[in-house]
There are 2 protein chains.
Amino acid sequence: MADNAGWTAAAATDPQLACPTSGVVDIVFSRWTTPILWTLNTHGRLRFVELERLIGTITPKVLTQRLRQLERDGMVVRTYHPEVPPRVEYEISELGRSLAPLFAHLAEWAAANLDKVEQARHDYDTDTPR
Amino acid sequence: MADNAGWTAAAATDPQLACPTSGVVDIVFSRWTTPILWTLNTHGRLRFVELERLIGTITPKVLTQRLRQLERDGMVVRTYHPEVPPRVEYEISELGRSLAPLFAHLAEWAAANLDKVEQARHDYDTDTPR
DNA sequence: TATAGTAGGTACCTAGAGGAAAGCGACTAT
DNA sequence: ATAGTCGCTTTCCTCTAGGTACCTACTATA
């Protein structure tokens with residue numbers, strides 16, 4: 001798979017999924033998963049409301065859904081304390097933490113190139129006779 | 001930005017967007033953009049129908065939409081030849097090609113860890129009293 | 001008494017993404 | 001005369017992610 005600089009020729013062999021990274025993208029980059037993983041990694045172990053407040057705009061329903069999915073995928077570990085009031089803690093797993101260099105790479109690319117994207121958008125919007 | 005192992009503390013300062021990579025994710029990892037970029041990079045310059053056939057499951061309407069978006073973001077270069085029948089060619093831009101190591105990193109992580117995700121899902125589904 | 005906090009679950013609703021299918025304009029090949 | 005090619009565009013339809021609002025049981029606090 002990683003036999004060359006990254007872009008393999010596997011796309012030619014699989015017409016259905018022309019991109020060998022699509023499986024990862026669904027797991028890691030579906031909506032809300034990156035902010036959740038990022039927050040859990042920067043702040044360590046967090047309770048539900050803490051996570052909710054740090055992310056700021058997510059609704060509890062969606063947060064629950066995404067946390068369940070991330071737990072099922074082994075990216076997040078959930079610890080339930082049967083107290084009153086109930087206490088639940090979430091932390092990033094070893095598998096989730098292994099994404100750190102990837103996210104670093106992504107943030108690096110963003111810092112270096114996001115303004116180029118902005119520039120390209122501006123050029124497109126002004127030059128193209130919409 | 002890249003002052004530590006990758007996960008910066010920027011999340012704490014921005015409650016609205018708790019993840020500094022969210023901007024990139026919308027550009028690079030929104031639906032269909034990864035297969036398109038991947039195919040354009042592996043096959044070089046391609047015509048509309050060629051792209052359509054290589055991806056296989058995308059509809060022309062969606063392909064047009066994504067190509068316009070990628071063109072506006074400066075990731076793809078579109079060349080129109082006013083012939084009959086019309087001929088249009090798409091190729092990946094320099095900016096788009098700069099994503100190659102990132103995609104390589106992603107494919108590498110996938111090759112190393114996708115089976116762990118599968119295992120975690122299986123464990124979750126069998127252990128959890130759904 | 002009543003309110004707040006905790007970790008969600010549930011029912012309902014809407015907006016938007018995406019799929020299916022047809023068309024179009026200008027020409028060519030059969 | 002008919003069908004086909006190319007790169008879309010348009011219309012219609014469906015599906016679902018996500019938002020809003022309200023609910024639980026139990027306790028501590030005012």
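By convention in this document, chain letters (A, B, ...) are assigned in the order of the sequence lines, proteins followed by strands, and residues within each chain are numbered from 1.
Counting heavy-atom neighbours within 6.0 Å of A:R31 CZ, excluding the residue itself, gives a total of 12 or less.
Partners of A:V88 by side chain to side chain contact (heavy atoms under 4.5 Å, CB included), not counting sequence neighbours, listed by chain and number: A:R78, A:Y80, A:Y90. A:A120 meets the side chain to side chain contact (heavy atoms under 4.5 Å, CB included) test with no other residue; sequence neighbours excluded. When the side chain to side chain donor-acceptor pair (under 3.5 Å) test is applied to A:E50, no partner is found at least two apart in sequence or on another chain. Residues meeting the side chain to side chain contact (heavy atoms under 4.5 Å, CB included) test with B:V84, sequence neighbours left out: none. Applying the side chain to side chain donor-acceptor pair (under 3.5 Å) test to B:K116 and every residue at least two apart in sequence or in another chain returns B:N113. Shown here are the side chain to side chain donor-acceptor pair (under 3.5 Å) partners of A:E83, two or more places apart in sequence or in another chain: A:R87. Applying the side chain to side chain contact (heavy atoms under 4.5 Å, CB included) rule to B:D26 yields no partners; only residues at least two apart in sequence or on another chain are considered.
Between the CD atom of A:E83 and the P atom of C:dT6 there is a distance of 13 Å, rounded to whole Å. Between the CG atom of A:L63 and the P atom of C:dG8 there is a distance of 8 Å, rounded to whole Å. For the pair B:I55 CD1 and C:dG18 P, the computed distance is 13 Å after rounding to whole Å. Note: CD (A:E52) to C1' (C:dT6) measures 11 Å, nearest angstrom. A:L51 has its CG atom 13 Å from the C1' atom of C:dG8, to the nearest Å. Here C:dA20 presents its C1' atom at 14 Å from CD1 of B:I58, a figure rounded to the nearest Å.
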Mark up nucleotides 3-9 of chain D, 5' to 3', with B wherever a protein heavy atom is under 4.0 angstrom from a base atom, S wherever such an atom reaches only the sugar-phosphate, and - elsewhere. --BBSBB

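Sequence neighbours left out, the pairs with a member in residues 33-49 of chain A that pass salt bridge (Lys or Arg N to Asp or Glu O under 4.0 Å) are A:R45-A:E89, A:R45-A:E91.
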Any protein N or O atoms within reach of nucleotides 14-17 of chain C? Criterion: under 3.5 Å, listing atom names and distances.
none

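For the helix from C:dT1-D:dA30 to C:dT30-D:dA1, the rotation axes defined at the first and last 5 base pairs enclose an angle of 20°, given to the nearest 10°.
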Sequence neighbours excluded and cut-off under 3.5 Å, please list the side-chain donor-acceptor pairs for residues 62-70 of chain A, or say none.
residue : atom : partner : partner atom : Å
A:T64   : OG1  : A:P60   : O            : 2.9
A:R66   : NH2  : A:Q69   : OE1          : 3.4

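Distance alone, capped at 3.5 Å, places no donor-acceptor pair between the B:S93 side chain and the B:V77 backbone.
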